[in-house]
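First up is the structure itself, then whatever we jot down about it.
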Amino acid sequence: MKTTRRNVILSGAAVGAAMVVPRMAAFAAAPEVKLGVVGVLSGPAAQWGLALRGAVEFVAAEANRDGLIKIDGQPANVSVVAIDSKYTAEGAAAAANSLAGQGVKMILGPIGSPELTGIKPIALRNSMLVMGNGYAKDAIGPQWPLVFHQGPGPSGWADPIIKIAKAKFGMKSVVVVAPNDQGGTDIASVDAQAYKANGIAATEEYYQRGTTNFAPIVTRIMNQKPEAVDLASSPPGDAGIMVKQLRQAGFEGAIGRLGGPGYSEISRVAGGDEVLKDFYWYEPVFIDEKVLKIADDYKTLMKTERPENNLFFQWVSAARMVAKAIAKAGTATDTQKIAAALRSLPVEDPNLGAGGWIGQKFFGVNQELSFPFGVGLVVNGKVQPVQRVDAATET
Amino acid sequence: MEGLVATGLIGISLGAQYALLALGFTLIFGILGVVNFAHGGFYVLGGYIAYATTTHLGAPYPVAVVIAALGTAGLGYVFERFLLERLVDDHLATLMLTLGLYLMMSSGILVVFGPESPSFEFPITGVLRGGGFYFPLQNLIVLAVCIVAIVTLYWLVYHTDFGRALRALADDRAVAAAQGLRPKLLFPLAFALATGLAGLTGALVTPILSLAPHIGDPVLATSFLIVILGGLGSVGGATVAAFIVGLIEAYSAVYLGGSKGALALFTLVLLMLVIRPSGLFGREARGA
Amino acid sequence: MNPYRSTLFQRIGFGETLTVALIALTFLVPAFATNPIVFSVTNQVLVASTAAFSVYIMLRMNLLTFAVPTFMALGGYTVAIFGLRFGVTDVVLLAALAFVVPALFALPLGALVLRLRGVYFVLVTFVLTEITQLVLFETPGLSGGSNGLVGIPIVTFFGIPLADNRAVLEVTIGLALVAALVTAALTVRFRQHFAAIEENELLAQSLGLVVWHYKALGFVVAAGVSGLAGFALVNMLLMAHPSSFNPLSSVNYIAYAIIGGKGSMLGPVVGATVLVFASDLFAIKGEYSQFLFGFLLVTVVLVARDGIVGTIRRWICRSARTSSEDRKAAVPLAVASEGRS
Amino acid sequence: MSPSGHETLEVVGLSKRFGGLQVFQEISFTLPQGEVLGVIGPNGAGKTTLINVISGKLAPTAGRVLLGRREMTGQPLHAVSRAGIMRSFQQTNTFSTASVGENIARAITFSGGGSAAWQAITGMLDEFELAPRLDEQSDKLPYGLQKMLGLVLAFVTRPKVLLLDEPAAGLEGRERGRVDSFVRHAREELGCSVLIVEHDMDLIRRLCPNILVLDAGRLLASGPPAEVLARKDVIDAYVGAVEEEVA
């Protein structure tokens, strides 16, 4: 190595200079409430994060307009800090750390289970309140008292949807298909349980994340001769190909997707509603005129169109709950107090309607928001109006 | 028995798609010694060009496929000529360069076209059926194009002056250059040929499967597997290996399940490398 | 002949000394900083640097490895399993395990893959990372499958629990420091051997160097260093999750080493620092972050071929040559004297 | 150093085939310790491959290589090298970005030599004009000096048999004399036997009491150069063409 003393010292100085970064100083002026957003803003799942960010920005603007939050009697200014979680555990953890560094105590998001898993230890260390999503079996729990669930996972809604689908299509057996990672297995296994509880024989099939051609998987499914196929949390693109290839292979039964929204993309990829034929899916929000009013309000307040993804509405309701809890607690820093306020608030939203807190039975903690939701149906190639289902309860 | 044959048919259609992809990848490596991490990006770009041409310009699908192939070839030419060419002998630098290009391409597509799959359909949707078998006509067309492309490529590489020049450059650049062959002219052409092939595949296959900004990742991984199995730089090897991978994927996924099937495939390729490091048809492992 | 003797300092190498010193200096961060962002960024930079050291070691032998996530997973899961199953929490013991278990795995694996050269080696290590993911998914009993292992007990140092942000960072720094020392020791001790293999493996072998001994040694140590990075990551997240070891993350570790400059041990640290900062900075830009990251890669590769450290060194060498002609000979000779002493 | 005769290189029925291509077959010869043997033949006759096989870089398809009755066949390159069979390369082959001094230091380290090895080559370094250039990067040296450095690297490993692959190729007339000198050093100071593959007939005539002629992978003739080079089949196969080419 031809290194001279001088050049090493100089390059060292350069490195030192690179390490000195502008630190973001915490503001200490008028009452300031910062809502953190941790969500995927880049890559294939960016639409979810953009919906989340848009929703929280909207709720912050609403709160500022209405002077909702008062700290020590003074109306607070609500602002939003959004950071990309890159849909990984590390990304979410880094984002949470970064927010903690900016003095942000409340986080809306993240959206997926790996991210939620990554954020929880950080939130615990910095006593941050998290209102997140993610369908993992351990998404929330008594060991994380400050972590709330923005909406129920399949444990909440799979059962009512299956009852509707069974009444409509009358299937006796189903194959549940999902990717082989946590985003797939945790949902598919809960779905399968729910089918079995309704007297439908269910088997699970997992494919490798990144599969582009599902013809072999479809053949494997066909070999089991199921009466229905549930695509669970397969991403919409994958689900669309599977629907197309199942129909090409001659599958005539109903196809479900008890994993999340994405019907329109699935329909586009599959080649239209005629290809979907008999199809049922979970729609996180029952969208009626009242809910759509949020979109108009958004346009008036934010001067642009709302984010396209319908998860937007759900995040609006969750962010409003958090804002109300902060208002009730009258603090932007004491997350224990905010959490207590949140737990005691009735679950209701001016646009989405009334619901309740659930989660005790499945997660051991009652910190899951449950609002009315929708079941989408395509029957014989015709889209039916989305059916409203009352907020899931635990019985 | 019926199941075995049906699965074999699936494997062959998979193999045809893979062959088209792996040929371009192996060509770039064989001639330039470059591992093109942006290969999947050109596949995606081909799909989107074809989509945009049919949807926004109203061109007929076959025209769109040709435009997609030419467009990706053009971009490949420019990229090689003006960026890659400067560092073509440094395989670490070219790896980083193609990787950077891929990240820029896929996020560029994301920003322009949005994250969701658009509605992009193959014009022919019929399915041949009979006696427990089925074969989508789309796959038949891809198979036909694949065979034409492979034959053309063989002819180009082994029976034209262009091909002879490329092979001479691949064997020994210094000697070939001394004999008057001009890498500065030929390398961009070779790169364009390969990226055009990826774009053609994208234009053909994405309407059958799906089109989204991120679908380049698995394409790259599959191309890797195939060229390892076939022997880096070997056109014949890549073709045969593509069909082998297609068949193994089909049989293992059908009889073992998706996740275990993939594990079986990867392990097989690993074993293969251990037993025959230069792949099925490769020459001695290249130093670069 | 005039037998130049090199000083101990010269022989250890400036790049190595500075790298180790820089990492040791980061102990000041938990001592004085209070801002969690600083903690988080330092943590990320150090985990990234540790993993990139592993790439650096392999590059000494002209081998580009994608297998870093594989060995990180081995190290990380080893720690998680020993913590959860056997209640091992001592940080020193866990660090030893996180180093040794991947290293032991690397030994038979190396016998298989080190026969491959160039791009074949690159591709086979890529396949290894894919296999790692699938094996994790397919062994839920051991690795927790797709859910990973959560609820790992807090590590302890002589019985003192290391739970808060500060202690977690201290563990990461300690691990990075060990990794840097191991890397420096290996690459300095065998600098001539590795350089010979990198430049001209055939000549080295024909001069009698048992090349595969050194390749195996490098591979095993690189695996151990990756294992330490895996430990640091798992300790930071308090879980071992497959998504932490995804195949494409290997690209980042390679980028750290190459963008920073593969010619010096300082390279991986500088590369990790710059790119982690860049990616945190770009993360705020959301949908454009990948584009900016890609653009940065392309620009650095085109403008600074030897990486950041290499390019800066070249500038300085150029100005040093014009100013003092006489000292240029001293350093190469000092190195050459190894064979004479 | 063992007494004369104990380090004889024996090549018995050696053949090498690449797939369908037979490079050479059934080559047998012995090279007694301290002697010099020339190998000539037209391009493509298999000369370099012969060196590759004897030195252990390639495994033979059939046949054996023995050094003083010890089996060398199929041993890896480093083992053959450590046993005392050392080769030089046709193209310049040094550690290109390392200095001349570093190159020599590495050769000494890798072959297990000590500081005595430096003393042994002092004279040679002066003679080949390498001594003043010890700190220069080896690929910045003039071509001729790079080739001499390659030979010096082989020398410092203290081989028992040296296999030189076209040591004079690309050298000017004056520089070629250094090859002669190098061979003399090797024989006198190491008691080493030398096998030279070369196209330069003058050099072969000067240095080699015996030569082998390879043609299309077969041993065409062997014996003293004056005798062998006068044979009609040898002239037909080779000499005429090459003399022109070299001139």
Side-chain angles (χ1 to χ4, degrees), chain A residues 1-12 14-16 18-19 21 23-24 26 41-43 46 49-50 53 82-91 93-102 113-114 117-118 120-122 125-126 136-138 143 180-186 206 208, chain C residues 13-15 17-18 22 35-41 43-45 134 137-138 145-148 150-151 163-165 168 191 233 236-239 241-244 246 263-264 266 269-270 273-274 277 280 282-290 308-309 312-313 315-317 320 327 331-332 335:
Chain A
M1 188 155 305
K2 289 164 200 160
T3 318
T4 65
R5 185 191 302 266
R6 198 175 134 209
N7 69 36
V8 164
I9 290 167
L10 281 181
S11 55
V15 175
M19 290 187 90
V21 278
R23 306 250 164 90
M24 296 181 207
L41 298 171
S42 60
L50 295 176
R53 187 175 70 185
I83 299 185
D84 184 10
S85 61
K86 303 182 191 115
Y87 209 55
T88 62
E90 292 89 86
N97 270 317
S98 181
L99 288 175
Q102 298 175 45
S113 3
T117 323
K120 279 185 289 193
I122 314 299
R125 274 183 209 139
N126 296 294
K137 284 176 176 172
D138 60 353
Q143 64 270 53
N180 59 356
D181 53 17
Q182 189 176 15
T185 53
D186 270 10
Y206 295 104
Q208 201 203 349
Chain C
F14 292 105
T17 314
L18 193 61
L22 270 179
N35 189 333
I37 308 186
V38 178
F39 281 44
S40 160
V41 169
N43 229 325
Q44 287 179 71
V45 166
L134 289 165
F137 289 144
E138 293 297 327
S146 54
N147 293 321
V150 288
D164 61 353
N165 272 338
V168 167
R191 172 170 295 156
L233 188 58
M236 182 173 101
L237 297 173
L238 282 183
M239 60 160 185
H241 197 274
S243 70
S244 299
N246 93 65
S264 159
L266 210 48
V269 178
V270 172
T273 309
V274 170
F277 270 116
D280 275 10
F282 297 158
I284 300 165
K285 296 257 172 276
E287 50 275 45
Y288 300 101
S289 70
Q290 279 214 321
I308 297 168
V309 172
I312 292 174
R313 188 161 64 190
W315 286 342
I316 293 165
C317 279
R327 47 173 302 156
V331 172
V335 179

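Letters A, B, ... mirror the listed sequences (proteins, then strands); counts begin at 1.
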request  = Apply side-chain contact (heavy atoms from CB on, under 4.5 Å) to the pair A:Gln182 and C:His241, showing each step before the final yes or no.
outcome  = CA-CA 9 Å; A:Gln182 189 176 15; C:His241 197 274; 2.5 Å; yes
Largest heavy-atom contact set with chain C, pairs under 4.5 Å, which of [options]:
| options | value |
| --- | --- |
| A:Asn126, A:Thr88, A:Leu99 | A:Asn126 |
| A:Ala93, A:Ala136, A:Pro114 | A:Pro114 |
| A:Thr185, A:Asp138, A:Asp181 | A:Asp181 |

Spatial distance of atom CE (C:Met236) from atom CD (A:Glu90) [nearest 0.5 Å] = 6.5 Å
Region of [X] in contact with chain C, defined by heavy-atom distances below 4.5 Å:
| X | value |
| --- | --- |
| A:Ala89 | both |
| A:Ile122 | side chain |
| A:Gln143 | neither |

request  = Can you tell which part of C:Leu233 gets under 4.5 Å to a heavy atom of chain A, answering side chain, backbone, both or neither?
outcome  = side chain
inquiry  = Holding to salt bridge (charged side-chain N to carboxylate O under 4.0 Å, His left out), I want the full list of residues that pass it with A:Asp186, two or more places apart in sequence or in another chain.
reply    = none
task = Please report the shortest heavy-atom distance between A:Gly118 and C:Leu237, naming the atom on each side.
result = O-CD2, 4.3 Å
ask   = Between A:Arg125 and C:Val168, does a side-chain contact (heavy atoms from CB on, under 4.5 Å) hold up when you go through it step by step?
value = CA-CA 10 Å; A:Arg125 274 183 209 139; C:Val168 167; 3.5 Å; yes
